[in-house]
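In what follows, a single structure is set out as structure tokens and then discussed.
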Amino acid sequence: MTVPPSAYAESVLDLVELIPPGRVMSYGMIAEYLRDRTGRGSARTVGTVMARYGGGVPWHRVVSSVGRLPPGHEDAARGRLEAEGVPFRGRNVDLAAAQWWPDA
DNA sequence: GGGGTGACCCAGT
DNA sequence: TACTGGGCCACCC
């Protein structure tokens with residue numbers, strides 16, 4: 001935390017913290033939501049932000065659009081998600097069942 | 001001010 | 001089913 005996250009990065013982290021246990025959001029969904037709220041961002045940018053500042057939020061609740069887990073952290077993410085009751089489909093998260101969207 | 005770097009996404013092969 | 005190429009955009013040097 002020697003370096004505070006940028007304004008956009010904070011928006012991403014703030015949203016990720018709202019994701020309830022047992023649910024997940026995809027990078028693309030986060031990007032779309034923040035695009036309405038802040039007017040900027042894209043799936044690619046969200047991924048970059050998570051790679052840099054994801055350590056302070058439940059990063060394991062953020063997956064790709066097909067339920068794929070972040071490279072290099074697949075085992076750690078899988079363990080935490082299973083502990084929260086997130087349904088899996090083979091190696092990936094079952095998005096159809098675990099996908100979440102903020103009410104407001 | 002210009003260019004490179006990604007924990008991405010989609011469509012086509 | 002798995003791989004490739006092009007588009008995408010904030011951040012860092």
Side-chain angles (χ1 to χ4, degrees):
Chain A
M1 305 259 247
T2 55
V3 183
S6 321
Y8 181 74
E10 272 197 25
S11 301
V12 174
L13 300 176
D14 186 55
L15 178 55
V16 173
E17 284 185 19
L18 295 179
I19 304 173
R23 301 285 183 159
V24 297
M25 272 186 91
S26 72
Y27 299 97
M29 250 181 288
I30 293 173
E32 193 176 350
Y33 181 86
L34 290 180
R35 205 185 237 303
D36 282 338
R37 220 181 77 173
T38 69
R40 329 185 203 200
S42 68
R44 188 88 186 227
T45 308
V46 172
T48 302
V49 170
M50 289 305 292
R52 297 186 61 78
Y53 305 105
V57 297
W59 54 269
H60 54 277
R61 294 181 196 150
V62 183
V63 299
S64 78
S65 57
V66 294
R68 183 109 150 138
L69 301 165
H73 300 279
E74 300 172 331
D75 293 318
R78 164 122 192 193
R80 296 180 188 205
L81 290 171
E82 284 189 323
E84 295 179 356
V86 173
F88 271 78
R89 228 176 129 116
R91 247 174 94 179
N92 301 333
V93 173
D94 185 354
L95 278 182
Q99 209 169 28
W100 179 80
W101 185 266
D103 290 322

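Below, chain A is the first sequence line, B the second, and so on; all start at residue 1.
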Taking side chain to side chain contact (heavy atoms under 4.5 Å, CB included) as the criterion, tell me which of Arg80(A), Glu84(A), Arg78(A) meets it with Glu82(A).
Arg78(A)

Give a yes or no answer on whether the side chain of Ser26(A) reaches the backbone of Met29(A) with a donor-acceptor pair at less than 3.5 Å.
yes

Counting N and O atoms only, with roles assigned by atom type, does the side chain of Thr38(A) sit under 3.5 Å from a partner on the main chain of Leu34(A), one being a donor and the other an acceptor?
yes

Could you tell me the separation between the CD atom of Glu32(A) and the P atom of dC8(C), rounded to a whole number of Å?
16 Å

Let me know the distance between CD1 of Ile30(A) and C1' of dC8(C), rounded to the nearest Å.
16 Å

Reckon Gly72(A) touches a base, only the sugar-phosphate, or nothing at all at heavy-atom distances under 4.0 Å?
nothing

Can you tell me how far CZ of Arg61(A) sits from CG of Leu18(A), rounded to the nearest 0.5 angstrom?
10.5 Å

Is any side-chain heavy atom of Phe88(A) less than 4.5 Å from a side-chain heavy atom of Val93(A)?
yes

Side-chain N or O of Arg40(A) less than 4.0 angstrom from OP1 or OP2 on dC8(C)?
no

Residue pair Val62(A), Met25(A): steps toward the side-chain contact (heavy atoms from CB on, under 4.5 Å) verdict
CA-CA 5 Å; Val62(A) 183; Met25(A) 272 186 91; 5.5 Å; no

Using a 4.0 Å cut-off on protein heavy atoms (strictly under), produce a 5'-to-3' string for nucleotides 2-9 of chain B with B for base contact, S for backbone-only sugar-phosphate contact, and - for none.
----BBBS

